[in-house]
Visitor: 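Questions regarding the structure given below will be posed in turn.
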Amino acid sequence: MSNNIFSSFTQFCKNQVRVISELCTKRANSVLLQKLEEKSKPKINKSNVSVNSTGSIRQMPEDPIVSIWSTIRFLIASRWGARLHEYVDQRHKKLGPIYRSNAGSTSTVFINSSEEYRKIFLELEGPTPKHFLPEAWILYNEEFKKQRGLFFMDGEEWLHFRKILNKLLLKTNSTDYMIHPCDVVAKDLVDTLNPYAKNGLVVPNLKLEIYNFSIQAILATLMGSKWCQCKEEILKETDQLPVILHKIFQCSSRLNVISATNAKKRNSLWWRQFVNSVDDALAAVKHVVHLLINLNGDGLLYLMMNAGIKSEDLVRIVADLIIAAGDTSTSTMQWALYLLSTNIETQEKLHDRLRGKEGKEIISDIFLKGVIKETLRLYPTAPFLTRYISKDAVIGGYTVNKKELLLMSLYSSGRSSENFVEPDKFLPERWIRLEKRGYYGVHKPGATIPFAIGVRSCIGKKLAEIKISLALAQILRNFNIECTNKRPVKMVLQLIAETSKPLQLKLTPR
């Protein structure tokens, strides 16, 4: 449930395509000649330089994408944005831990340094941090005058509600009301998977089953102890909710490589499908929230009302929490199961450690925490975290303008040998603390921060970790997991980190 559930790479990719259109409709040779002449002039761009201790100018490395051919090369290398994380990782290896890329009028600074992550989040983002918002969603909210939840809020409004939700979702005792409902739903997931295991079948639509679990887990947490009593009534009203919510991400991803503004102006098919998907999702989720309110539970929803959040604000905040819970947790669960199914020794070790444990013992298990950390290090749900800093600043020794978009490259820093021993290997034991200090196999733990840090870190971090932990524990307690995909599964970006092909997992009863 990362703050970057709508991945920040979308705007960057759209800008690249826009450059092609602009250059093709103009006289390309004249444009390129003009740019070459401008580069030959002794002009210094102040936002692109920094002065070192000797008084000389340092210029930030650049990955300019200004011509038709450079843009085409970028799109091919990044597979039209689906492999942008790999492309950016290669750029970092060539250009260093910080570089700038311009696409049209947009300037983006890519960073993969753990030290600079910390500086941005703890010193430069300000008391009410701003992050990237997808163009399509901004246009939708403006067009239909929609007030949305925490992800879309800014300034004092965001700060007010964030302070309330911090107490409910991030405090130590907040786990007390999350564990039981999430565990109940995790056991229901096992019941759903049992028939496939008993008949020796590959789970036919694993993603949908995990998606159902993820949505039900947050609904149960919102409802509280009355979940089991009211479950049938709630599920009857929400049986299509996972499909409706997932459609938002599918329709949003189509607008990755075109201008949402232009799509809206033309009222194109993709724009209409996006609008319809959001309309359907918001209507369905709001109906569910009103249903939960009327059922008078004692879970998170009751706590939010008791904390003074009024009805109209409650609906929009909870609606976005439910939307955020779906794809993001589903992505992490799939990658964790994939890694465990392809690392049998680790799977058995985790099974043995969790045997006989319940509730808080499960979620506090060091090795299980390591499994989730390793999963998110190798396959971060949001491979790029975004921020706009509150004022011009020096980052990595270079001057950065407050108007520039900062993209923190978690995929790149998470797989760097400077930060981790054998970075491409799945080694949950690397996160076991040493007696003196630090971890085995980890040079810089701050190089992987999938939930971000600072005042705008992911509000759903604890809930996500708890429901994933309990689901993995229940699955491993009941099944051996085998991956039957014939080829390795790769990571692709479709707003968030997705599997390149459906996972084919075969479960065997233990």
Visitor: Hey, is the main chain of Ala325 close enough, under 3.5 Å, to the side chain of Ser214 for a donor-acceptor pair?
Guide: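 Between the backbone of Ala325 and the side chain of Ser214 there is a qualifying donor-acceptor contact (under 3.5 Å).
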
Visitor: So, does Asn419 use its side chain to make a donor-acceptor pair with the main chain of Ser413 at under 3.5 Å?
Guide: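 Answer holds: yes.
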
Visitor: Find the distance between CD1 (Ile468) and CZ (Phe213) and round it off to the nearest 0.5 Å.
Guide: 8.0 Å

Visitor: Taking the basic N atoms (NZ, or NE/NH1/NH2) and the acidic carboxylate oxygens, is any pair closer than 4.0 Å for Arg477 and Glu358?
Guide: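 Judged by the 4.0 Å cut-off on N to carboxylate O distance, Arg477 and Glu358 do form a salt bridge.
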
Visitor: In terms of ring plane angle, is the pair Phe151 and His131 parallel, tilted or perpendicular, where the classes change at 30° and 60°?
Guide: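 Geometry flag for His131 against Phe151: tilted rings.
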
Visitor: Are Arg430 and Phe420 in a cation-pi contact, defined as NZ or CZ under 6.0 Å from the six-membered ring centre and within 45° of the axis?
Guide: no

Visitor: Quick test of your reading of the model: are Asp183 and Lys187 salt-bridged, counting only N-O distances below 4.0 Å?
Guide: yes

Visitor: Would you say the side chain of Val371 lies within less than 4.5 Å of the side chain of Trp431, judging by non-hydrogen atoms?
Guide: no

Visitor: Return yes if a side-chain donor-acceptor contact under 3.5 Å exists between Asp313 and Gln147, otherwise no.
Guide: no

Visitor: What is the distance from atom CG of Leu476 to atom CD of Gln474, rounded to the nearest 0.5 Å?
Guide: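 Taking CG in Leu476 and CD in Gln474, the distance rounds to 10.0 Å.
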
Visitor: Out of curiosity, Thr128 OG1 to Arg162 CZ, how far, rounded to the nearest 0.5 Å?
Guide: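 It comes to 12.5 Å.
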
Visitor: Consider only side-chain N and O atoms of Asp298 and Ser225, and report whether a donor and an acceptor are under 3.5 Å apart.
Guide: yes

Visitor: Could you walk me through whether Tyr211 and Asp327 satisfy the side-chain hydrogen bond (donor to acceptor under 3.5 Å, both in side chains) test, starting with their C-alpha distance in whole Å, then the side-chain angles of each, then the deciding distance to 0.1 Å, before giving a yes or no?
Guide: CA-CA 7 Å; Tyr211 209 111; Asp327 282 70; 2.4 Å; yes

Visitor: Step through the shown structure and confirm whether more than 12 heavy atoms of other residues, nucleotides or ligands are within 6.0 Å of NZ on Lys130.
Guide: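 No, not enclosed.
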
Visitor: Measuring only between side-chain heavy atoms, which start at C-beta, is Ile459 closer than 4.5 Å to Leu321?
Guide: yes

Visitor: In terms of side-chain geometry, is the basic nitrogen of Arg456 or Asp154 positioned less than 4.0 Å from the acidic oxygen of its partner?
Guide: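 Looking at Asp154 together with Arg456, the answer is yes, because their closest N to O distance falls below 4.0 Å.
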
Visitor: Please tell me if the side chains of Ile475 and Leu340 come closer than 4.5 Å, counting only heavy atoms from C-beta onward.
Guide: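 With C-beta onward as the side chain, the pair stays apart.
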
Visitor: Are Trp227 and His180 close enough, and set up right, to give a side chain to side chain contact (heavy atoms under 4.5 Å, CB included), and what steps lead you there?
Guide: CA-CA 10 Å; Trp227 168 254; His180 178 68; over 6 Å; no

Visitor: Would a 4.5 Å heavy-atom cut-off, applied to side chains only, mark Val455 and Glu125 as touching?
Guide: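 In contact.
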
Visitor: Go through Lys462 and Glu465 one step at a time and tell me if the salt bridge (charged side-chain N to carboxylate O under 4.0 Å, His left out) criterion holds.
Guide: CA-CA 5 Å; Lys462 277 187 178 293; Glu465 289 176 333; over 6 Å; no

Visitor: Are side-chain N/O atoms of Thr328 and Thr381 paired as donor and acceptor at under 3.5 Å?
Guide: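 The criterion, which ignores hydrogens and geometry beyond distance, is not satisfied for Thr381 and Thr328.
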
Visitor: For the side chain of Asn306 and the backbone of Tyr302, is there at least one donor-acceptor N/O pair under 3.5 Å apart?
Guide: no

Visitor: Give, for atom CG of Leu463 and atom OG1 of Thr221, the distance between the pair rounded to the nearest 0.5 Å.
Guide: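 It is 5.0 Å, given to the nearest 0.5 Å.
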
Visitor: Taking atom NZ of Lys402 as the centre, report whether more than 12 heavy atoms of other residues, nucleotides or ligands fall under 6.0 Å from it.
Guide: no

Visitor: Can you check ring-ring contact (aromatic ring centres under 6.0 Å, His included) on Tyr140 and Trp271, steps first, answer last?
Guide: CA-CA 10 Å; Tyr140 175 88; Trp271 173 255; 7.4 Å; no

Visitor: State whether the number of non-hydrogen atoms from other residues, nucleotides or ligands found under 6.0 Å of Glu312 atom CD is greater than 12.
Guide: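 Count over threshold, so yes.
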
Visitor: Would a distance-only check, ignoring hydrogens and angles, find a side-chain to backbone donor-acceptor pair under 3.5 Å from Thr386 to Phe132?
Guide: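 The answer is yes, because a donor-acceptor pair under 3.5 Å joins these two groups.
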
Visitor: If you apply the rule side-chain hydrogen bond (donor to acceptor under 3.5 Å, both in side chains), what do you find for Arg272 with Asn276, and how did you get there?
Guide: CA-CA 6 Å; Arg272 295 197 305 273; Asn276 290 337; over 6 Å; no

Visitor: Looking at side-chain heavy atoms only, is the closest gap between Leu314 and Leu301 below 4.5 Å?
Guide: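 Result yes, sub-4.5 Å side-chain heavy-atom pair found.
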
Visitor: Out of curiosity, Ile466 CD1 to Cys182 SG, how far, rounded to the nearest 0.5 Å?
Guide: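 One gets 6.5 Å once the value is rounded to the nearest 0.5 Å.
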
Visitor: Is there a side-chain contact between Leu206 and Tyr196, using heavy atoms and a 4.5 Å cut-off?
Guide: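 No; the side chains remain at least 4.5 Å from each other.
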
Visitor: OH/Tyr117 to CE/Met408 distance, rounded to the nearest 0.5 angstrom?
Guide: 8.0 Å

Visitor: Counting N and O atoms only, with roles assigned by atom type, does the side chain of Tyr439 sit under 3.5 Å from a partner on the main chain of Pro445, one being a donor and the other an acceptor?
Guide: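 Such a contact is absent between Tyr439 side chain and Pro445 backbone.
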
Visitor: Does this structure show an ion pair linking Asp89 with Arg415, if we count only N-O contacts that are shorter than 4.0 Å?
Guide: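 The answer is no: the pair does not qualify as a salt bridge.
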
